[in-house]
Amino acid sequence: MNDKNQNLADIVRQARRESGLSQEKLAEILNIDQRTILNIEAGHGNPKFENLFAIVTYLKIPGDCIFYPGSENLTPEHQKLFTLLKTCTGQEIGDLLPIINPLVDLLQKNKNTAC
C-alpha cells in the first residue's frame, strides 16, 4: 500500500469513528456500497470521486488532510474548527468573535493555573 492510500485510509477511519458511525451505517447514510468504505479504510482501490466526495463532505474532512498530508501541523481538532468556520458567513464569524475571545481567554487562564 502506498503512502497516499494509507493516509486516506487513516483519515477516513478516524473521522468515521469520531462521528460514532460504523462502516455499514456510513454507507447506508451516503447510499454507497459498504465495500467502498471498507476498501478505502483498508487502503485498497481507487474510489470514485463521487463516493470520496460524499464521504469527505459528510465527515467534514478538510481536503488539505487528504491532498496535502503534512503540509500543516494542525491537530484534528484544529482542522475541524477551521472546517466549521469555513461554513460561516463573514457576519456569522463577526458575531462569534466576541463570544469566542472570552472563552479562549478563560480556557487558557485555567490551563495556566492548573500547572
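Along the sequence shown, residues carry numbers from 1. Basis for what follows: all heavy atoms, side chains included, without hydrogens, waters or symmetry-related copies.
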Restricting to pairs with a member in residues 45-56, which pass side-chain hydrogen bond (donor to acceptor under 3.5 Å, both in side chains), not counting sequence neighbours?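 Sorted pair list comes back empty.
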Just to verify, what does [X] make a side chain to side chain contact (heavy atoms under 4.5 Å, CB included) with, not counting sequence neighbours?
X: I100; value: L96, V104
X: L38; value: Q23
X: A54; value: L30

Pairwise salt bridge (Lys or Arg N to Asp or Glu O under 4.0 Å) hits with a residue in residues 78-102, at least two apart: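 For residues 78-102: E18-K80.
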Sequence neighbours left out, what pairs pass salt bridge (Lys or Arg N to Asp or Glu O under 4.0 Å) with at least one residue falling in residues 21-37? K25-E28, D33-R35
Work out which heavy atom in A9 is nearest to a heavy atom in G43; give both atom names and the distance.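 Here A9 and G43 meet closest at CB-N, 3.8 Å.
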Could you give the distance from [atom1] ([X]) to [atom2] ([Y]), rounded to the nearest 0.5 Å?
X: L59; Y: S19; atom1: CG; atom2: OG; value: 5.0 Å
X: K109; Y: L106; atom1: NZ; atom2: CG; value: 7.5 Å
X: I55; Y: I37; atom1: CD1; atom2: CD1; value: 4.5 Å
X: Y58; Y: L21; atom1: OH; atom2: CG; value: 5.5 Å
X: T57; Y: L52; atom1: OG1; atom2: CG; value: 8.5 Å
X: L26; Y: R16; atom1: CG; atom2: CZ; value: 7.5 Å

Answer yes or no: does atom CG of N31 have more than 12 heavy-atom neighbours from other residues, nucleotides or ligands under 6.0 Å? no
Sorted by chain and number, sequence neighbours left out, side chain to side chain donor-acceptor pair (under 3.5 Å) with R17 holds for none
Return the set of residues passing side chain to side chain donor-acceptor pair (under 3.5 Å) with D10 (not counting sequence neighbours), or none when no residue passes.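 So D10 forms a side chain to side chain donor-acceptor pair (under 3.5 Å) with Q6, R13.
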Linking directly or through intermediates, with side-chain heavy atoms under 4.5 Å: list the remaining ILVMFWY members grouped with F49, chain and number order.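 Traced through the cluster, F49 reaches F53.
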Nonpolar side-chain network containing L103, other nodes, edges under 4.5 Å: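 I99, listed by chain and number.
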